[in-house]
Amino acid sequence: MEFGLSEQQILLQDSVHRYLTEQVPLDRVRRIASGDEQDSGVWAELTELGIPALLIPEPLGGVGLGLLDAVVVAEVLGRHVAPCPFSTTAVMAALVLLDAGMEDELAAIATGELRIGIAFNEAIGARADAGIKTDGDTLSGKCLFALDGDADSYLVATGDRSIYLVSADTSGVTRNNLTTVDKTRSTCELLFENAQAGKVSGDPHVFERALDAGRLMQAADTLGAAQAMLDQAVDYSLQREQFNRVIGSFQAVKHLCADMAANLEPCRSLVWYAGHAMDAVPEEASLLACHAKAHLAEVGQAVAKTATEVHGGMGFTDLLGLHYWFKRIGANRQLLGSPERVREQAARVQGLI
Amino acid sequence: MDLSYGPQYSQFRDEVREFLSTHQHQQPPSKSDQRSEAVLDWQRLLIEHGYHSRTIPRDYGGFGAEPDIIKSRIIAEEFSAARVSTGLGGQGISMLVPVLLEMGTQEQKQQFVSATIHGEMVWCQGYSEPGAGSDLASLTTKAVLDGDEWVINGQKIWTSTAQIADWIFCLVRTEPDAPKHQGISFLLFEMNTPGIEIRPLVDMTGNANFNEVFFTDVRVPKHQIVGERGQGWMVANAILGHERGSLAPPDAARSRLNGVIQLMQSETINGEKLIDNPVFLDRLMKLQGRVLAMQYHDMRLLSARINKNQDVKLASMIVKLIGTELRHELEGFAIDVMGEMGLAYEDNPYVRSGGSWQYSYMYYLGLIIGGGTSQIQKNIIAERGLGMPKEPKVGAR
């Protein structure tokens, strides 16, 4: 019996951590967030480590790993607020395409050539003036907050949880970037006017599994980001002096840090188990993914606020860049379903409503 | 991630199930007196089969098995699933016996261990004092050597089971001139010794779960000490380690959560089941997420006891803090589900589950405070877990 990461998973975590520490420091995150650099460079570099290929089978040029491995990667990416389309292209899209047996697209994802955004919003919860209509293989309507504003193609989910693949440069597709507080990753709206698309899946379970995986990746991303905020808060509190003492010696500050640590530690166990369930315990996977997403949204939000407060006025400035983590956690909370809606889903999957 | 216990354990699990199906009708009725024949017989049966005191040596009345965490876990899982009593607990069994096995003399082990685990000798713990709570080491109950006897004077508080205990294990100050942690000794003595007065301490639940114990010239034989003079703090700390992990078991939290779900499926307001009310449902789901997180956290800690390379130093420090706070909130949520019906208590004809939700709501507030308050837990997490500095020492005004 072993509840924890394997040696191989720890190696994977270390290799991504080392790359991000060396090649994607906060300065580069800033450049990408301000639009001075594209995130495609980071994605290309991560291809060297096999990250886009993580879930893709070896015969198609992939690494052939599972969702617990993806959780490990997402956690490190969150820790470094790394700008890249991991949860969309490498996880959600890969799962949908695997189910559909679309080998050419999978091979292209593995090499980093193909980047697929996720336009699931209209199946998760359509707003008043949005929604997708289909007519045969053509799409019309609007999808809000599609994930990844720089993708080559999008997987678009309709109200009945069917999924279509549409190229971003097909005629009848207009893409408008939607600015959010989180500038480490982009979102967009997609406008369709009789745009030609290919139906990839009509099975709601395919949609649900990809959505569960996406939510779990957000939970893992928040776990990493929140841990980074806690670490920075503790470090800062041991350097900053007021009243001739480091502020980390004040019980008020210590208890803020202890609260963050105490709430985060069980999150790690929950997120790991949810990843394991996606791989090996299918009957629990959806419930665990929902709870991981919603619980990390709550703990992440509390840590983001508290860690900023420990930094005092400096935490509020742009100088330290702490706000990149704060906003990333905030975005993970809302995208693919806010905590209240995800908890409603958790109740539904166990038959309580 | 490998959550199976392995094929070598399936035979053991079958043995436990076999025992349960053969013998579970012999378990004592719930709320039996802990000195009743039924309880003592069941305790003896459990020890004979290795389901209690499993790793305590046979010489001292135990079953004498090699420690095997997974086997212990399987026993706990199967007894819990079958809702069968796992036998006696209490501070003598859970706290004193491990310490005697580690630090007691041969005579002390012979005299106390077997009788304690068999329920024939009941203990209470004399640690806290009115002036020594979180700062336990400042305790002032003193013992002075007079010939071959210690003469004890002072007061203890929060002494559960004092009114039924045969013996007490007690921290007393024997070296008044030594630094506070080095002046304490760990004594054992009988509760019927002249000079001991017990006063029940009624708490907010309406029960006397605890007592105050007063010592006036209580004379105790000199050799009834565990460890050397002045080593009592070290002995006591070994015991506190045993206590912290056991206050809020996550299996119990999950079973209480399932209890709330059943409550929400049966209670109605204006004909609507509470489970169909989205406000209550959202609160339930929030709690379920937290209970699940603690359940998998517990698996992670269990795993680290088997796989010594896993680092759970910080992870294990948070269990008492989060576990007790979560249980308190969970019990309080069930009361909210029932609303004014949730206030029903004692002989109220509308009381649900015998008033256990209100009782546990209050009792767990006691556990948040007892065994190291939440604030002390946070100091430990910050200082030993996160490497933050200790508080500077400032005297009282």
Side-chain angles (χ1 to χ4, degrees), chain A residues 1-7 9 68 230-231 233-234 237-238 245-246 248-251 253-276 279-281 287-288 290-296 298-299 339-340 342-347 350 352-353, chain B residues 1-6 9 69-70 73 261 264-265 275-276 278 281-286 288-290 292-304 306-307 309-310 312 314-319 321-322 325-326 374-375 377-383 385-392:
Chain A
M1 188 265 182
E2 186 166 19
F3 184 99
L5 303 181
S6 67
E7 257 175 60
Q9 282 158 343
L68 181 56
L230 167 60
D231 293 345
V234 171
S237 80
L238 298 181
R245 292 163 60 176
V246 292
S249 68
F250 289 106
Q251 206 169 44
V253 175
K254 283 158 65 174
H255 284 198
L256 291 179
C257 294
D259 274 331
M260 290 191 271
N263 286 307
L264 260 182
E265 279 301 315
C267 287
R268 196 174 308 285
S269 314
L270 177 66
V271 167
W272 285 352
Y273 185 78
H276 171 70
D279 290 329
V281 198
L287 178 67
L288 266 297
C290 287
H291 273 310
K293 154 89 174 165
H295 185 57
L296 268 292
E298 304 296 0
V299 174
E340 285 75 11
V342 177
R343 284 194 289 267
E344 192 185 351
Q345 176 80 5
Q350 58 190 310
L352 293 177
I353 49 172
Chain B
M1 193 71 83
D2 170 16
L3 303 184
S4 71
Y5 292 156
Y9 288 106
I69 290 150
I70 292 179
R73 181 73 166 205
I261 292 174
M264 291 173 72
Q265 287 168 332
I275 197 82
D276 295 328
L281 187 66
D282 189 62
R283 285 185 64 190
L284 174 70
M285 288 299 98
K286 264 189 178 169
Q288 188 179 49
R290 291 165 61 192
L292 285 172
M294 284 308 281
Q295 188 182 321
Y296 298 118
H297 193 70
D298 177 63
M299 285 174 81
R300 184 177 156 209
L301 297 180
L302 172 72
S303 166
I306 303 165
N307 308 285
N309 57 331
Q310 293 182 325
V312 290
L314 177 61
S316 56
M317 287 175 191
I318 65 106
V319 172
L321 171 67
I322 298 292
E325 299 275 354
L326 178 57
S374 283
Q375 287 63 42
Q377 301 302 319
K378 289 180 191 182
N379 283 353
I380 292 170
I381 294 165
E383 291 166 12
L386 300 174
M388 300 175 83
K390 277 187 168 305
E391 288 293 294

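Side chains included, hydrogens not; waters and symmetry mates left out as well; all remaining heavy atoms used. Letters A, B, ... mirror the listed sequences (proteins, then strands); counts begin at 1.
- To the nearest 0.5 Å, atoms CG (L5(A)) and CH2 (W272(A)) are separated by 4.0 Å.
- Classification of the Y273(A)-H276(A) ring pair by plane angle, with boundaries at 30° and 60°, yields tilted.
- If you tally non-hydrogen atom pairs under 4.5 Å between each of K286(B), M317(B), M299(B), Q310(B) and chain A, the highest count goes to K286(B).
- Taking chain B as the reference chain and counting heavy-atom pairs below 4.5 Å, the highest number among G275(A), A261(A), S6(A), S237(A) is found for A261(A).
- Comment: K254(A) does not engage D259(A) in a salt bridge, judged by the lack of any side-chain N to carboxylate O separation of less than 4.0 angstrom.
- The residue among R290(B), R300(B), Q265(B), M388(B) with the most heavy atom pairs within less than 4.5 Å of chain A is R300(B).
- Between the side chains of H291(A) and Q288(B), at least one donor N or O sits under 3.5 Å from an acceptor N or O.
- Distance CD1/I353(A) to CD/E344(A): 5.0 Å, rounded to 0.5 Å.
- Contacts between L352(A) and chain B at a heavy-atom distance below 4.5 Å involve backbone atoms as well as side-chain atoms.
- Annotation: side chain of L238(A) is in contact with side chain of P389(B) (closest heavy-atom distance under 4.5 Å).
- If you measure heavy-atom distances from I306(B) to chain A, the contacts under 4.5 Å come from the side chain alone.
- Of all the listed residues (Q9(A), E2(A), E340(A)), the one sharing the greatest number of non-hydrogen pairs under 4.5 Å with chain B is E2(A).
- Options Q350(A), R245(A), E265(A), H295(A) differ in how many heavy-atom pairs under 4.5 Å they form with chain B, and the most are formed by E265(A).
- Among C267(A), A347(A), A292(A), the residue with the largest count of heavy-atom pairs under 4.5 Å with chain B is A347(A).
- Distance check, rounded to the nearest 0.5 Å: CE of M1(A) to OG of S303(B) gives 5.0 Å.
- In terms of heavy-atom pairs under 4.5 angstrom with chain A, the leader among L301(B), D276(B), L314(B) is L314(B).
- Ring planes of F3(A) and Y296(B): parallel class, angle under 30° (limits at 30 and 60°).
- Using a 4.5 Å cut-off between heavy atoms, I70(B) contacts chain A through its side chain alone, with no backbone atom that close.
- Contact tally against chain B (heavy-atom pairs below 4.5 Å) for L287(A), L264(A), L270(A), V271(A): the top residue is L270(A).
- With no hydrogens or angles considered, no side-chain donor-acceptor pair links S249(A) and E391(B) at under 3.5 Å.
- Tested against H297(B) for a side-chain contact (heavy atoms from CB on, under 4.5 Å), the candidates I322(B), L292(B), V312(B), I318(B) yield a single pass: I318(B).
- A salt bridge links E298(A) with R343(A): the closest approach of a Lys/Arg side-chain nitrogen to an acidic carboxylate oxygen falls below 4.0 angstrom.
- Residue A294(A) does not touch chain B at all, counting heavy-atom pairs closer than 4.5 Å.
- Both the backbone and the side chain of I275(B) have a heavy atom closer than 4.5 Å to some heavy atom of chain A.
- Only the side chain of N307(B) comes within contact range of chain A, with heavy atoms under 4.5 Å apart.
- Contact annotation for V246(A): only side-chain heavy atoms (C-beta onward) come within less than 4.5 Å of a heavy atom of chain B.
- For I69(B), no part lies near chain A; criterion is any non-hydrogen pair under 4.5 Å.
- Only the side chain of L288(A) comes within contact range of chain B, with heavy atoms under 4.5 Å apart.
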